[in-house]
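To start, the structure itself, in structure tokens.
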Amino acid sequence: MSENNNNNAPVQELSEILQVRRDKLSAMKESGNDPFVKTKYNVDAHSMQIKGDFEGYEGKEVSVAGRIMARRIMGKASFVTIRDGEGDIQLYVRRDDVGEDTYAAFKKWDIGDIVGVKGIVFKTQTEEISVHANHIEILAKSLLPLPEKFHGLTNNDLRFRQRYVDLIMNPNVKRNFKIRSQFIKFMRKYLDDMDYTEVETPVLNTIVGGAAARPFVTHHNTLNIPMYMRIATELPLKRLIVGGMERVYEIGRIFRNEGMDPKHNPEFTTVELYQSYADFHDMMDIAEGIISGAAKEIHGTYEVEWLGEKIDLTPGWRRLTMVDAVKEYAGIDFGAITDDAEAVKAAESIGVELAETADKTWGNALYACFDQKVEEKLIQPTFITMYPVEVSPLTKASPADPRLTERFELFICHSELANAYSELNDPIVQRERFEKQLELRERGDDEAEMLDEDFLTAMEYGMPPTGGMGIGIDRVVMLLTNSDSIREVIAFPTMKPLD
């Protein structure tokens, strides 16, 4: 089937094409056939419905609508392919069936125009399921030509900047966003069924808190104060736990003024959940249940592919302490080291250096070894547990070893998908941790926590033992769609402005 379109035309020729389309629209309006005055078109069938149940639709009249993607114009009859929200379907348009005037107008329509069609479902001699039109009308005029069909839209930068064209030309892209919606729907039902309450907390805050990250700063004109777009929903949700809402969660947009790479976008979506009288082990069970259950629900299997690896999401994921992980993958037994200087020396022996702002402690040395030597080796689902206190200011210390906290991060294909704690609920210790974070800020760490006096006040009223977790929705969707870039699963990712 031929394609009457060429997006590789010289600038002058392309300009002429644009003018021709505008002239066609002007002619339509002058003749009283302005397509843009039409407000509604009744659609009662879609392409995949018809193709999936031909026996049920054969010989019946349907009303379909979509964008013209290809056409073969002949004298008294033509074949046209339109694309609707589900896929493509062929139309057979004959002059004697739609009328001479309509057919003459139809022949002047362009690739990209949106049409409504009524007709009878049938199969052509080549066995292609089609709609034999008895009525056709234009519903919207496309004033810009689509990319040339053979090459499509393949430039990723342009795809992400013009997602609307990407979706038109690459129907498979729509699948990613449908899976995203299915995952969020599954997760919401999973938590609702566990008697969690979904809530909403502020996006604009007067201080930064809940994570180690650099915020976006704005200004409130009426109050004449700086405000910060949230980097986490943690502290407001914990306030609700203090208030007696025992199980809460929020699915929301988070904003961090950080770099951009295949796994990071300045604004992204997470779910954070908190459960009274629970700990980080309960959170592990929930993370595993949500992600493995969603894979089974959406794909019908626990086996998925991501970043060139075959991933087995069958429940029963590995749980490994950070000390054991460093021993297994980096060859250093921090469990046998007690001295800070000795720990730092051990890290340096395998080429690991601590951050300039980090104290030279056993905990920071352990974390640096994990971060630089182990994380990249974690392919199958693995919960890394028992993080050092130094990197976990909001987490309860382990009763067995006060240098460590009851925290885990979930790694799949060396990517972090979830982070959870047995939440710190001692307000005195929490104040000490905040003050330590302030010291780091004074030493140049602008991602350290700020002291939140109101949150400390809330804690002093008494917060029950609590398990809390955050899951990166974008990264889970990357896993479920086998996407190698976060930009593939965010409809409108952040892009550098064009000059």
Do the charged groups of Arg83 and Asp88 touch, with an N to O distance under 4.0 Å?
-> yes
Are any non-hydrogen side-chain atoms of Arg433 and Leu424 less than 4.5 angstrom apart?
-> yes
Please report the closest heavy-atom contact between His219 and Asn224, naming both atoms and the distance.
-> NE2-OD1, 3.1 Å
May I ask you to say whether Arg403 pairs ionically with Asp401, meaning some side-chain N is under 4.0 Å from a carboxylate O?
-> yes
Check the surroundings of atom CD1 in Ile428: do more than 12 heavy atoms from other residues, nucleotides or ligands lie under 6.0 Å from it?
-> no
Kindly state whether the ring of Phe383 and the ring of Phe408 have centres lying under 6.0 angstrom apart.
-> yes
Please work out whether the ring planes of Tyr387 and Tyr367 are parallel, tilted or perpendicular, with thresholds of 30° and 60°.
-> tilted
Using a strict cut-off of less than 4.0 Å between a Lys/Arg side-chain nitrogen and an Asp/Glu carboxylate oxygen, indicate whether Lys174 and Asp166 qualify as a salt bridge.
-> no
Should Ile286 and Tyr190 be marked as a side chain to side chain contact (heavy atoms under 4.5 Å, CB included) after you check the CA-CA gap, both sets of side-chain angles, and the distance that decides it?
-> CA-CA 9 Å; Ile286 292 173; Tyr190 189 100; 4.1 Å; yes
Ser276 and Glu246: side-chain donor and acceptor closer than 3.5 Å?
-> no
Does the side chain of Ser415 come within less than 4.5 Å of Leu307's, by heavy atoms?
-> yes
Does a sphere of radius 6.0 Å around NZ in Lys360 hold more than 12 heavy atoms from other residues, nucleotides or ligands, not counting ones at 6.0 Å or beyond?
-> yes
Side chain to side chain donor-acceptor pair (under 3.5 Å) contacts touching residues 463-479 (sequence neighbours left out) = Arg180-Asp474, His264-Arg475
In terms of side-chain heavy atoms, does Ser47 have a donor or acceptor partner in Glu86 at a distance below 3.5 Å?
-> no
Electrostatic pair Lys327-Asp324, nearest N-O below 4.0 angstrom | no
When rounded to the nearest 0.5 Å, the distance separating CG of Asn42 from CG of Asp44 is 8.0 Å
Check step by step if side chain to side chain contact (heavy atoms under 4.5 Å, CB included) holds for Ile412 and Leu313.
-> CA-CA 10 Å; Ile412 302 177; Leu313 297 175; 4.0 Å; yes
From CG (Asn364) to CG (Asp340), nearest 0.5 Å | 9.0 Å
Applying side chain to side chain contact (heavy atoms under 4.5 Å, CB included), run through Arg247 and Leu191 and close with a yes or a no.
-> CA-CA 9 Å; Arg247 300 186 182 203; Leu191 294 173; over 6 Å; no
If every non-hydrogen atom of Pro266 is compared with every non-hydrogen atom of Met260, which pair is closest and at what distance?
-> CD-CG, 3.5 Å
More than 12 heavy atoms of other residues, nucleotides or ligands under 6.0 Å from NZ of Lys51: is that the case?
-> yes
Spacing of CD belonging to Gln182 relative to CE belonging to Met187, to within rounding of 0.5 Å | 13.5 Å
Which pair of non-hydrogen atoms, one from Thr395 and one from Ser422, has the smallest distance, and what is that distance?
-> CG2-O, 3.7 Å
Would you check if there is a donor-acceptor pair between the side chains of Glu198 and Tyr196 at a distance under 3.5 Å?
-> no
Asn156 side, atom CG; Glu488 side, atom CD - distance, nearest 0.5 Å = 6.0 Å
Do you know the tightest heavy-atom contact between Ile379 and Glu376?
-> CD1-O, 4.5 Å
Taking all heavy atoms of Gly112 and all of Arg67, pick out the closest pair and write down the distance.
-> O-NH1, 2.9 Å
Report yes if some heavy atom in the side chain of Asp192 is under 4.5 Å from a heavy atom in the side chain of Tyr249; otherwise report no.
-> yes
Could you go step by step and tell me if Ile290 and Val271 meet the side chain to side chain contact (heavy atoms under 4.5 Å, CB included) rule?
-> CA-CA 11 Å; Ile290 288 174; Val271 59; 5.9 Å; no
Can you check whether Gln430 reaches Glu460 side chain to side chain, under 4.5 Å on heavy atoms?
-> no
Pairing residues for Ile350 by the side-chain contact (heavy atoms from CB on, under 4.5 Å) criterion, not counting sequence neighbours | Ala330, Ile332, Val352, Cys369, Lys373
With no hydrogens and no angle check, do the side chains of Asn172 and Arg175 hold a donor and an acceptor under 3.5 Å apart?
-> no
Given Thr361 and Glu390, is the side chain to side chain donor-acceptor pair (under 3.5 Å) satisfied, shown in steps?
-> CA-CA 9 Å; Thr361 64; Glu390 290 91 333; 2.7 Å; yes
Kindly check if the number of other-residue, nucleotide or ligand heavy atoms within 6.0 Å of NZ (Lys345) is above 12?
-> no
Give, for atom CE of Met69 and atom OG1 of Thr81, the distance between the pair rounded to the nearest 0.5 Å.
-> 9.0 Å
Validation row: Val64, Ile50 side chains within 4.5 angstrom (heavy atoms) | yes
In plain terms, say whether Glu234 and Lys238 are close enough for a salt bridge, that is, a side-chain N and a carboxylate O under 4.0 Å apart.
-> yes
Within the 6.0 Å centroid threshold, strictly below: Phe411 and Phe370 = yes
For the pair Lys396 and Glu406, find out whether any cationic side-chain nitrogen is under 4.0 Å from an anionic carboxylate oxygen.
-> no
Just wondering, do Glu409 and Glu375 contact through their side chains at under 4.5 Å, heavy atoms?
-> no
Residue pair Asp312 / Thr314, side-chain donor-acceptor N/O under 3.5 Å = yes
I would like to know whether Arg318 and Thr382 meet side chain to side chain donor-acceptor pair (under 3.5 Å); could you show each step before the answer?
-> CA-CA 5 Å; Arg318 193 178 190 198; Thr382 306; 5.8 Å; no
State whether the side chain of Asp339 and the backbone N or O of Glu342 hold a donor-acceptor pair below 3.5 Å, judged by distance alone.
-> yes
Give the minimum heavy-atom separation between Cys413 and Ile311, together with the two atoms involved.
-> SG-CD1, 3.9 Å
How about Lys189: does its NZ atom have over 12 heavy atoms from other parts shown lying under 6.0 Å from it?
-> no
Rounded to the nearest 0.5 angstrom, the CG-OG1 distance for Leu223 and Thr206 is 10.0 Å
Can you find a heavy atom in the side chain of Leu366 that is under 4.5 Å from one in the side chain of Met322?
-> yes
Return each pair, listed once, that meets side chain to side chain donor-acceptor pair (under 3.5 Å) where at least one residue sits in residues 283-309; pairs must be two or more places apart or across chains.
-> Asp285-Arg319
Under 3.5 Å side-chain donor-acceptor pair for Arg407 and Asn419 | yes
Flag if over 12 foreign heavy atoms under 6.0 Å of CD, Glu353 | no
Using a cut-off of 6.0 Å, state whether more than 12 heavy atoms not belonging to Glu200 lie near its atom CD.
-> no
Apply the test side chain to side chain donor-acceptor pair (under 3.5 Å) to residues Gln275 and Tyr277: give CA-CA distance (whole Å), side-chain angles for both, the deciding distance (0.1 Å), then the verdict.
-> CA-CA 7 Å; Gln275 180 176 333; Tyr277 313 111; over 6 Å; no
Side chains of Glu250 and Thr201: is there a donor and an acceptor less than 3.5 Å apart?
-> yes
Within-4.5 Å side-chain heavy-atom neighbours: Pro464 and Asn425 | no
